[in-house]
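Each remark here refers to the structure printed beneath this line.
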Amino acid sequence: MMPNTILLVDDDDTTNLLNKFFAESIDSSIDVVTATNGKDALSFLEDNDIEAIGPCLIILDVLMPIMDGWEFLEEFKNRFDAKYKEQVTISILTGLDSEKISKKAKNHPLVHNTIQKPLSDGMFKQLITGRYAASLSQ
């Protein structure tokens, strides 16, 4: 099933702008929402029923002010039920080439994968098609 919504969570406005452009060029029917920290991302998710926005792909930066990616994951785990979580795929996006971050993300039950910044249009398409291949081929 194709994501209805992609939530880009990154404190870098340029990264959000480029990733929004990449997502919309892959499928203009996807609603792309941006948040500059984990707190704003949680507010968006709490204010929107998963039936309205899901399935949802969250591309989450690790290092952000106010609430970082790890804090977001902890809050997401505690605030949302299993049905909601089933409709969400979370990918960690990081500019740091850190084995520690990759290992922590790989071991986190809510994280689908880890991606290095910058995310190219080809990598973005691969991320979406890898997770939502069935609906793209229809």
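Values in this document were obtained by computation on a predicted structure and should not be read as measured data. Position 1 is the first residue of the sequence, and the numbers go up from there.
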* To do: State plainly whether one hydrophobic cluster holds both Ile115 and Phe21, where clusters connect Ile, Leu, Val, Met, Phe, Trp and Tyr through side-chain heavy atoms under 4.5 angstrom apart.
  => yes

* Should Asn16 and Asp12 be marked as a side chain to side chain contact (heavy atoms under 4.5 Å, CB included) after you check the CA-CA gap, both sets of side-chain angles, and the distance that decides it? -> CA-CA 6 Å; Asn16 280 337; Asp12 181 4; over 6 Å; no

* To do: Evaluate side chain to side chain contact (heavy atoms under 4.5 Å, CB included) for Thr89 paired with Cys56, printing each intermediate quantity in order.
  => CA-CA 6 Å; Thr89 300; Cys56 181; over 6 Å; no

* **Contact summary for Ala35 and Ala41, nearest pair of heavy atoms** => CB-N, 3.7 Å

* Return the minimal non-hydrogen interatomic distance between Val32 and Glu24, and the atom names on each side. => CG2-CG, 3.9 Å

* **Heavy-atom check, side chain of Leu7 versus side chain of Leu45, under 4.5 Å** => yes

* In terms of hydrophobic clusters joined by side-chain contacts under 4.5 Å, are Leu63 and Leu73 together? -> yes

* Asked: Same cluster for Ile59 and Met123 if Ile/Leu/Val/Met/Phe/Trp/Tyr side chains link at under 4.5 Å?
  -> yes

* Flag the pair Ser91 / Leu127 as yes when at least one side-chain heavy-atom distance between them is below 4.5 Å, and no otherwise. => yes

* **Step-by-step salt bridge (charged side-chain N to carboxylate O under 4.0 Å, His left out) determination, Asp10 to Lys117** => CA-CA 11 Å; Asp10 197 314; Lys117 284 183 183 179; 2.9 Å; yes

* **Main-chain N/O of Lys39 paired to Ser43 side chain as donor or acceptor, under 3.5 Å** => yes

* Structure fact -> Here the gap from Asp11 atom CG to Asp13 atom CG, rounded to the nearest 0.5 Å, amounts to 8.5 Å

* Structure fact -> dist Lys20:NZ -> Ser25:OG (nearest 0.5 Å) comes out at 13.0 Å

* Drop me the distance from Glu74's CD to Asp68's CG, to the nearest 0.5 angstrom. => 11.0 Å

* **Check against side chain to side chain contact (heavy atoms under 4.5 Å, CB included), Leu93 and Leu119** => CA-CA 8 Å; Leu93 182 65; Leu119 188 57; 4.3 Å; yes

* Can you name the nearest heavy-atom pair linking Leu60 to Gly69, along with the distance? -> CD2-O, 3.6 Å

* Asked: Do Ile58 and Ile66 belong together in a cluster built from hydrophobic side chains that touch within less than 4.5 Å?
  -> no

* Verdict with supporting geometry, Arg79 and Glu75, salt bridge (charged side-chain N to carboxylate O under 4.0 Å, His left out) -> CA-CA 6 Å; Arg79 292 188 194 188; Glu75 289 295 317; 2.9 Å; yes

* Lys106 side chain near Val111 side chain, heavy-atom distance below 4.5 Å -> no

* To do: Calculate, to the nearest 0.5 Å, the distance between atoms CD1 and OG1 belonging to Ile30 and Thr5 respectively.
  => 9.0 Å

* If you draw a 6.0 Å radius around NZ in Lys85, do more than 12 non-hydrogen atoms from other residues or ligands fall strictly inside? -> yes

* Considering non-hydrogen atoms only, spot the tightest contact between Gly38 and Val9 and give its length. => N-CG1, 4.1 Å

* Asked: Under a 4.5 Å cut-off applied to non-hydrogen side-chain atoms, are Phe72 and Asn37 in contact?
  -> no

* Mind listing the closest non-hydrogen atom pair of Trp70 and Val62 along with its distance? => NE1-CG1, 3.0 Å

* Structure fact -> Rounded to the nearest 0.5 Å, the CZ atom of Phe76 sits from the CG atom of Leu42 at a distance of 8.5 Å

* Interatomic distance, Phe80 atom CZ to Leu110 atom CG [nearest 0.5 angstrom] -> 11.5 Å

